[in-house]
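Working notes, structure below.
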Amino acid sequence: MTVAVALLGAITTAVERTESLDLRWLLAALVLQVGSLAFLGFAWRNILAAAYPGRVPIFSVVAAYVTGAALNGFVPARAGEGAKVALARARIPGSRFATIAGSLSVLLLADGVLGAGVGGALWATGVLPTVPVPLPNWGAAPLVVSGALLALAVAVVGRFGLVRLRSLLASILDGLMVLRSPAGYLCRVLPFQIGGWTCRISVVYFLLHAFHIDASLATVLLVVVLSGASTAVPAPGGGGSQQILSIYALHGTISAGGALSFSLVMQVGVTAVNTAVGLAAAMLLVRSRPLAALRSARA
């Protein structure tokens with residue numbers, strides 16, 4: 001009960017702080033969030049185009065990406081990724097689920113490399129200090145995990161058969177086709193991913209200014225990296241963990257209440273933009289008008 005009261009008080013304080021927001025910076029941040037979605041959607045489309053030349057429609061794939069990104073704000077464990085795969089599969093003739101799912105790993109891999117690179121640079125400069133964590137005594141846990149993975153592999157092979165398993169792996173590798181041509185990846189995919197990251201960094205920078213927080217570039221990058229890490233938590237949009245990490249990232253810049261207020265506005269604003277753009281994209285994807293979609297949902 002005490003925890004609930006404290007949490008409610010913190011949220012109330014955070015909401016009160018939003019009254020002094022500079023709406024110009026807030027609006028610029030929300031517009032840039034749309035740009036981030038568009039850049040990453042185009043990057044995914046070009047990854048798929050390497051696997052299915054001449055068969056990948058630009059609008060449909062970008063709309064599928066945006067729709068899945070919107071769902072990730074409401075469903076746990078990033079289940080919106082499955083919606084991206086299903087929607088793209090329906091729009092690309094002759095495509096396979098495994099190939100499309102494999103293509104998403106290119107985006108995730110690049111995100112991980114960029115995030116790790118920025119995080120490593122922040123750690124090297126002392127902005128991200130190392131937190132001492134005692135090493136646990138795992139005991140026989142590694143043997144148990146290894147045995148479980150081996151049993152799972154045997155079960156998969158037994159269920160699908162070796163030939164079908166090879167076919168599945170080949171389909172997944174087809175989704176990584178763009179990586180076989182480094183020049184193609186550098187020219188057609190990486191610029192869009194960098195554009196998405198630039199927009200993401202700018203969103204945080206503008207939101208900090210909307211709260212009248214004069215933060216350094218290193219602090220902005222730290223917030224971006226830790227916000228990205230919060231999505232690994234199996235909660236819708238990384239809720240809760242994002243607030244904790246934002247308080248840690250801004251602990252020397254603003255009070256905990258101010259950091260909580262900033263983090264809540266950032267998460268709500270980003271989720272609202274993703275939802276609005278995702279709904280519009282989904283309706284255009286299925287060629288449905290807003291009122292017709294509402295009537296169908298009610299029925």
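- In this structure, the side chain of S227 engages the main chain of V223 through a donor-acceptor pair within 3.5 Å.
- Using a 4.5 Å cut-off on side-chain heavy atoms (C-beta onward), H212 and I254 make no contact.
- Residues L260 and L264 form a side-chain contact, since some pair of their non-hydrogen atoms from C-beta on lies under 4.5 Å apart.
- Counting heavy atoms from C-beta outward, L40 and F192 have side chains that stay 4.5 Å or more apart.
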Go through the steps to decide whether L207 and W25 satisfy the test side chain to side chain contact (heavy atoms under 4.5 Å, CB included), and finish with yes or no.
-> CA-CA 6 Å; L207 283 176; W25 290 102; over 6 Å; no
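- Considering CG of L179 and CG of L109, their distance stands at 7.0 Å, rounded to 0.5 Å.
- The closest donor-acceptor contact from the side chain of S202 to the backbone of T198 lies under 3.5 Å.
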Walk me through it: do L176 and S105 pass the test side chain to side chain contact (heavy atoms under 4.5 Å, CB included)?
-> CA-CA 8 Å; L176 311 179; S105 66; 3.3 Å; yes
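- Contact between P57 and I92 at its shortest, heavy atoms only, is CD-CG1, 4.4 Å.
- Under the 3.5 Å distance criterion, the side-chain polar atoms of R91 are matched with a main-chain donor or acceptor of L285.
- Looking at R45, its side chain does come within 3.5 Å of a backbone N or O of V56 through a donor-acceptor pair.
- Residue W44 forms a side-chain contact (heavy atoms from CB on, under 4.5 Å) with just one option from V61, V189, V62, and that option is V61.
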What do the steps show when you test Y185 against Q193 for side chain to side chain contact (heavy atoms under 4.5 Å, CB included), and what is the final call?
-> CA-CA 11 Å; Y185 174 78; Q193 291 181 291; 2.7 Å; yes
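- Put simply, the side chain of L48 does not reach to within 4.5 Å of the side chain of R55, judged on heavy atoms.
- Side-chain contact between I58 and F42 is present, with heavy atoms from C-beta onward closer than 4.5 Å.
- The cluster map of Ile, Leu, Val, Met, Phe, Trp and Tyr, joined by side-chain heavy atoms under 4.5 Å apart, puts L30 and V66 in the same cluster.
- In this structure, the side chain of S171 does not engage the main chain of T99 through any donor-acceptor pair within 3.5 Å.
- In terms of heavy atoms, G68 sits closest to A83 at CA-CB, 4.4 Å.
- Nearest heavy-atom pair, L37 versus A69, reported as atom, atom and distance to 0.1 Å: CD2-CB, 3.9 Å.
- For the atom pair M177 CE and I47 CD1, the distance stands at 13.0 Å (nearest 0.5 Å).
- Between F211 and F262, the ring planes lie perpendicular to each other; the angle is over 60°, past the 30° to 60° tilted range.
- Between the side chain of S261 and the backbone N or O of G257 there is no donor-acceptor pair closer than 3.5 Å.
- Under the 4.5 Å side-chain criterion, counting only non-hydrogen atoms from C-beta, W197 is in contact with V224.
- Minimum interatomic distance between A43 and L107 (heavy atoms only, all atoms of both residues): CB-CD2, 4.0 Å.
- One distance of note links CG of N72 with CZ of F74; it measures 10.5 Å at 0.5 Å rounding.
- Nearest heavy-atom pair across L122 and L221 is CD1-C, 3.9 Å.
- When the shell of 6.0 Å around CZ of F206 is examined, it contains more than 12 heavy atoms from other residues, nucleotides or ligands.
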Let me see the working for I194 and L190 under side chain to side chain contact (heavy atoms under 4.5 Å, CB included), right down to the final yes or no.
-> CA-CA 6 Å; I194 293 176; L190 186 59; 3.9 Å; yes
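- In terms of hydrophobic clustering, with Ile, Leu, Val, Met, Phe, Trp and Tyr side chains grouped at heavy-atom distances under 4.5 Å, V270 and L279 are assigned to different clusters.
- Taking 4.5 Å as the limit, some side-chain heavy atom of L173 sits within range of a side-chain heavy atom of R180.
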Dump the intermediate steps for side chain to side chain donor-acceptor pair (under 3.5 Å) on Y65 and E81, then the final yes or no.
-> CA-CA 8 Å; Y65 181 89; E81 304 302 305; over 6 Å; no
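- The heavy-atom pair separating A64 from K84 by the smallest distance is O-CG, 3.6 Å.
- Counting heavy atoms from C-beta on, the side chains of L250 and L208 come closer than 4.5 Å.
- Checking side-chain atoms of D174 against main-chain N and O of A51 turns up no donor-acceptor pair under 3.5 Å.
- The OG1 atom of T271 sits 9.0 Å away from the CD atom of Q33 when rounded to the nearest 0.5 Å.
- Although no hydrogens or angles enter the test, the distance criterion places a donor-acceptor pair under 3.5 Å between the side chain of R89 and the main chain of S95.
- Side-chain N/O atoms of Q243 and Y248 include no donor and acceptor closer than 3.5 Å.
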